S.K.: 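If you scroll down you'll find the structure; I have some questions about it.
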Amino acid sequence: MPAAPVRATAIPSFGTALRAVESLLMSGGQRTARRNAWTSVLEDRRRARDRVETERVLGGSSEGPRPLDGHP
């Protein structure tokens, strides 16, 4: 008796499935606008991290040299 055929189709990831649903529900312009908005959010977060890091570096250097023994 021959063995049952094996299907080699990969199960889509959650992101892939979400994009498929998105493409069914939204027009192309809406999809582009949403992706642009999300890209802006990610860029704002990156700039905020950079700003905090810069303030930390500049704030630490404006206090002057610290003693080597670790006490102020």
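Just so you know, residue 1 is the first one in the sequence shown, and it goes up from there. From a predicted model like this one, the values you see are computed outputs, not experimental measurements.
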S.K.: List for me each residue that meets side chain to side chain donor-acceptor pair (under 3.5 Å) alongside Ser40, sequence neighbours excluded, and say none if there are none.
M.R.: none
S.K.: What residues form a side chain to side chain donor-acceptor pair (under 3.5 Å) with Arg49, not counting sequence neighbours?
M.R.: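 Arg49: no side chain to side chain donor-acceptor pair (under 3.5 Å) contacts found.
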S.K.: With sequence neighbours excluded, tell me which residues meet side chain to side chain donor-acceptor pair (under 3.5 Å) with Arg35.
M.R.: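 Applying side chain to side chain donor-acceptor pair (under 3.5 Å) to Arg35 gives Glu22.
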S.K.: Give the other cluster members for Leu25, using side-chain heavy-atom distances under 4.5 Å between Ile, Leu, Val, Met, Phe, Trp and Tyr residues; answer none if it is isolated.
M.R.: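 Members other than Leu25 - counting any ILVMFWY side chain reachable under 4.5 Å - are Val21.
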S.K.: Within this structure, what is the CH2-CD distance for the pair Trp38 and Glu43, rounded to the nearest 0.5 Å?
M.R.: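 The distance works out to 13.0 Å.
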S.K.: Under the side chain to side chain donor-acceptor pair (under 3.5 Å) rule, collect the residues that match up with Asn36, sequence neighbours excluded.
M.R.: none
S.K.: Begin from the C-alpha positions of Asp50 and Arg47 and carry the test salt bridge (Lys or Arg N to Asp or Glu O under 4.0 Å) through to its verdict.
M.R.: CA-CA 5 Å; Asp50 290 348; Arg47 280 195 299 263; over 6 Å; no
S.K.: Applying salt bridge (charged side-chain N to carboxylate O under 4.0 Å, His left out), name anything that partners Glu53, two or more places apart in sequence or on another chain.
M.R.: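 So Glu53 forms a salt bridge (charged side-chain N to carboxylate O under 4.0 Å, His left out) with Arg56.
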S.K.: Hey, could you give me the CD1/OG1 distance between Ile11 and Thr16, rounded to the nearest 0.5 Å?
M.R.: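 Interatomic distance, Ile11 CD1 to Thr16 OG1, rounded to 0.5 Å: 12.0 Å.
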